[in-house]
Amino acid sequence: MGEPDGRVPLSGSAEARYKEGIDLDASGDPAGAIAALEAATRIDPGHVDAWVRLGLVHLQVGEANAAIVAFGSALKVRRENPEAYIGMGFALARQGDEESAERCFKNAFMQTVFDAVPWVETGRYLFKHGYEVEANFCFQSALNIDPDDPDALDGLRGMLRETGARFVARDVVGDLEPPGAGEDDDDDDDVDYEDEDDDEDDDGDEDTGLDDEDDDEGEDGDFDGDEDPGNDGGRGGGE
């Protein structure tokens, strides 16, 4: 039973609440997951994984402002946090702040030079919840780090099966046809990755404190530069 304001009571450990939130999210109850994850972060404001997952669930249900707050809180606790930067980037992009989003993605790339796992795991989560464009961006980014990463390739194969390669870049399709695909299937010939405008509405704009800069964006998540976003939520300290 919840507290008078509807929040989950703070009994139990932060880790228990975090695991409860994970389970609720996996079972298709994002509202319950948010409540449990918020409880975890109230018990332990330094629980980075709870903040990141809370941000992802908010992003999943279209609450970009709340997602930005959660990811920013994760970055306050730990600056070396590519998952939070990736999620923050997508949340900012949904608000139309592409320059700030780009800087978040750059930070994530800098922190994952030899590690594709954060991109793959985020891609899997977003694809599971219907965000094909964002998931494809994550899988492509993982392949920029390691062109032979088996999990990223499996992620793209899953997109081929589920979406007919609508969002898969032609230059990585190659031999990634889904298992059992017909030999006469020519659907991949005209496939190109294109960024799509997301018209999803959000309540208000969040002031992220990210300074505007002129950066050059590469293709399919290949960004250059080494700027750190000046997100107030991300400068509260590190480990």
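These numbers were taken from a predicted model, which means no experiment stands behind them.
Hydrophobic cluster membership differs between Leu24 and Leu59, with clusters built from Ile, Leu, Val, Met, Phe, Trp and Tyr side chains linked at under 4.5 angstrom. Under a hydrophobic-cluster definition in which Ile, Leu, Val, Met, Phe, Trp and Tyr are linked whenever side-chain heavy atoms come within less than 4.5 Å, directly or via other members, Phe109 and Ile86 are assigned to the same cluster. Side-chain heavy atoms closer than 4.5 Å link hydrophobic residues (I, L, V, M, F, W, Y) into clusters, and following such links, possibly through other members, connects Ile34 to Ile22.
Note that the CE atom of Met110 and the CD atom of Glu80 stand 8.5 Å from one another [nearest 0.5 Å]. Between Lys19 atom NZ and Ser13 atom OG the span is 8.0 Å, to the nearest 0.5 Å. If you take CG on Asn81 and NZ on Lys76, they are separated by 14.0 Å, rounding to the nearest 0.5 Å. With values rounded to the nearest 0.5 angstrom, Leu54 atom CG is found 9.5 Å from Glu63 atom CD. Rounding to the nearest 0.5 Å gives a distance of 4.5 Å between CD1 of Ile68 and CG of Leu92. Rounding to the nearest 0.5 Å places CG of Asp149 at 9.0 Å from CG of Asp154.
Counting only N and O atoms by type, the side chains of Gln111 and Asn107 include no donor and acceptor under 3.5 Å apart.
Ring geometry, Phe137 versus Phe105: the interplanar angle falls from 30° to 60°, so the pair is classed tilted. Ring planes of Phe127 and Phe139: perpendicular class, angle over 60° (limits at 30 and 60°).
The residues Arg17 and Asp44 are annotated as not salt-bridged, no charged nitrogen and carboxylate oxygen being separated by less than 4.0 angstrom.
Residues Met88 and Phe71 approach most closely at N-CD1, 3.4 Å, considering heavy atoms. Between Pro45 and Val77 the shortest heavy-atom distance is O-CG2, 3.6 Å. When all heavy atoms are compared, the tightest approach of Ala84 to Val52 is CB-CG2, 4.2 Å. Minimum heavy-atom separation, Ala33 to Gly21: CB-O, 3.4 Å. The two residues Pro82 and Ala108 come nearest to each other via the heavy atoms O-CB, 4.0 Å. Between Ala152 and Leu143, the closest heavy-atom pair is CB-CD2, 3.7 Å.
In this structure a side-chain-to-backbone donor-acceptor pair under 3.5 Å is present from Tyr131 to Gln60.
Side chains of Asp25 and Leu56 form no contact here, defined as non-hydrogen atoms less than 4.5 Å apart. The shortest distance between side-chain heavy atoms of Val48 and Glu83 does not fall below 4.5 Å. Side-chain contact between Asp115 and Ile145 is absent, with no heavy atoms from C-beta onward closer than 4.5 Å.
A search for side-chain hydrogen bond (donor to acceptor under 3.5 Å, both in side chains) contacts involving Trp51 returns nothing, not counting sequence neighbours.
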